[in-house]
**Student:** 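For reference, the structure I am asking about is given below.
Convention: sequence-line order gives letters A, B, ...; per-chain numbering from 1. Note that the structure is predicted; figures quoted are calculated from it, not measured.
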There are 2 protein chains.
Amino acid sequence: MNAETLKGHLDLLLLAALADRSAHGYAIVEILRVDSGGTFDLPEGTIYPALHRLEHAGLLGSYWSAETGRRRRVYQLTAKGQQALAQRQQEWQQFSRAVNAIVGA
Amino acid sequence: MNAETLKGHLDLLLLAALADRSAHGYAIVEILRVDSGGTFDLPEGTIYPALHRLEHAGLLGSYWSAETGRRRRVYQLTAKGQQALAQRQQEWQQFSRAVNAIVGA
DNA sequence: TATAATACATAGTATTGCTAGGTGTCAAGA
DNA sequence: TCTTGACACCTAGCAATACTATGTATTATA
């Protein structure tokens, strides 16, 4: 998988991963890897700045969890994040259809 | 359509557009716009550097056409470009399936 | 005759995911 | 006990790429 392929679609993946559950960064990496059948195996240097960016944009909220001694920052969708997810999903559908129209012609 | 969405997928589109015909840059823009139903409306500052890059990489060949008084650089797939197209198509299928697995979960 | 469409080109910009390196906790095995 | 690996977070700097803005020139159209 090329490094540039993901560009512009990572936000969609993160928002979608948090659509029906809250999770911390390391767990999100696991979710994306498993649910994608191993296609997405994101390095931490990708995931953490992206989560910060989304939180800064108001699409995610977070809190520190200290259930175990290990600190975890747990992220969840905000209302704005849910709207953004819906929009990104539509954009993905449109993009995907358009690419298939070119490639599958 | 977000500016970043296309990143990493433009090469696939260009190679696919040239899969069954040769065309010059301006015409490729038209092909992509029409075949995508208007989704892809690429500015010239996107298309020309990309074509140069692909030619430099050996995936495209080109020649100047002067049928009309207007100069046109006509591009066509090389053998290497055809192989690259096949690979990019597979990568797209995999990527697309993986995203749908996350989003449509 | 002026405007728009056709057709090419490139310098500079902004965004973004990745590499590489760092800190610290916890469990398991030597 | 010590070491290794998994877990869990963070950031600075890098590389790649599509876009903006701008320029040149030809042809068709109003």
**Student:** Can you spot which of L6(B), V99(B), N2(B) makes a side-chain contact (heavy atoms from CB on, under 4.5 Å) with F95(A)?
**Tutor:**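 Among L6(B), V99(B), N2(B), the one that satisfies the side-chain contact (heavy atoms from CB on, under 4.5 Å) with F95(A) is L6(B).
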
**Student:** For the side chain of R73(B), starting at C-beta, report the closest nucleotide among dC8(C), dT11(D), dG17(C).
**Tutor:**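 The listed nucleotide nearest to R73(B)'s side chain is dC8(C).
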
**Student:** For E4(B) and H24(B), take the nucleotide of DNA chain C holding the closest heavy atom to each; which residue's nucleotide lies nearer the 5' end?
**Tutor:**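 Result: H24(B).
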
**Student:** Using only modelled atom types and a 3.5 angstrom limit, is any donor from either the side chain of K7(B) or the base of dT16(C) paired with an acceptor on the other?
**Tutor:**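 Per atom types, no contact qualifies.
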
**Student:** Under a 4.5 Å cut-off applied to non-hydrogen side-chain atoms, are Q87(A) and E91(A) in contact?
**Tutor:**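 A side-chain contact under 4.5 Å exists here.
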
**Student:** Can you check the H9(A) NE2 to dT15(C) C1' distance for me, whole Å?
**Tutor:**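 Atom NE2 in H9(A) sits about 14 Å away from atom C1' in dT15(C).
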
**Student:** Taking the minimum atom-to-atom distance to the side chain of Y75(B), which one of dC18(C), dA9(C), dA18(D) wins?
**Tutor:**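 Among the listed nucleotides, the one closest to the side chain of Y75(B) is dA9(C).
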
**Student:** Looking only at the side chain of R71(A) (C-beta and beyond, no hydrogens), which of the listed nucleotides dA18(D), dC9(D), dT6(C) gets closest?
**Tutor:**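 Among the listed nucleotides, the one closest to the side chain of R71(A) is dC9(D).
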
**Student:** What is the separation between atom CZ on R53(A) and atom P on dC18(C), rounded to the nearest whole Å?
**Tutor:**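 One finds 11 Å between P of dC18(C) and CZ of R53(A), rounded.
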
**Student:** From the options dT10(C), dC18(C), dC10(D), select the nucleotide whose nearest atom is closest to the side chain of T46(A).
**Tutor:**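 Selected nucleotide (nearest to the side chain): dC18(C).
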
**Student:** Rounding to an integer number of Å, can you tell me how far Y26(B) OH sits from dA5(C) P?
**Tutor:**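 The answer, rounded to whole Å, is 8 Å.
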
**Student:** Would you mind reading off the distance between Y48(B) atom OH and dT10(C) atom P, rounded to a whole angstrom?
**Tutor:**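 Interatomic distance, OH of Y48(B) to P of dT10(C): 11 Å.
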
**Student:** Output the single nucleotide from dA9(C), dT27(D), dC18(C) whose closest atom is nearest the side chain of R70(B).
**Tutor:**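 Looking only at side-chain atoms, R70(B) lies closest to dT27(D).
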
**Student:** Rounded to whole Å, please give me the gap between CG in L42(B) and C1' in dA9(C).
**Tutor:**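 For the pair L42(B) CG and dA9(C) C1', the rounded distance is 17 Å.
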
**Student:** With rounding to the nearest 0.5 Å, note down the distance linking CD1 in I102(A) to CG in L15(B).
**Tutor:**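 That separation rounds to 12.5 Å.
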
**Student:** Over all strands shown, is G45(A) touching base, sugar-phosphate only, or nothing at heavy-atom distances under 4.0 angstrom?
**Tutor:**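 Base contact - G45(A) has a heavy atom under 4.0 Å of at least one base atom.
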
**Student:** What integer distance in Å separates H52(B):NE2 from dT17(D):P?
**Tutor:**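 The answer, rounded to whole Å, is 16 Å.
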
**Student:** Taking atom CD as the centre, does Q76(B) end up with more than 12 heavy-atom neighbours from other residues, nucleotides or ligands that are less than 6.0 angstrom away?
**Tutor:**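 Counting other residues, nucleotides and ligands, CD of Q76(B) exceeds 12 neighbours.
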
**Student:** If I take atom CE in residue M1(A) and atom P in nucleotide dG17(C), what distance separates them, rounded to the nearest angstrom?
**Tutor:**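 Between P of dG17(C) and CE of M1(A): 14 Å.
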
**Student:** Which whole-number value in Å describes the distance from E44(A) CD to dG13(D) C1'?
**Tutor:**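 In whole Å, dG13(D) C1' lies 18 Å from E44(A) CD.
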
**Student:** Taking all non-hydrogen atoms of both residues, which atom of T78(A) and which atom of G58(A) are closest, and how far apart?
**Tutor:**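 Smallest heavy-atom distance, with atoms named: OG1-O, 2.6 Å.
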
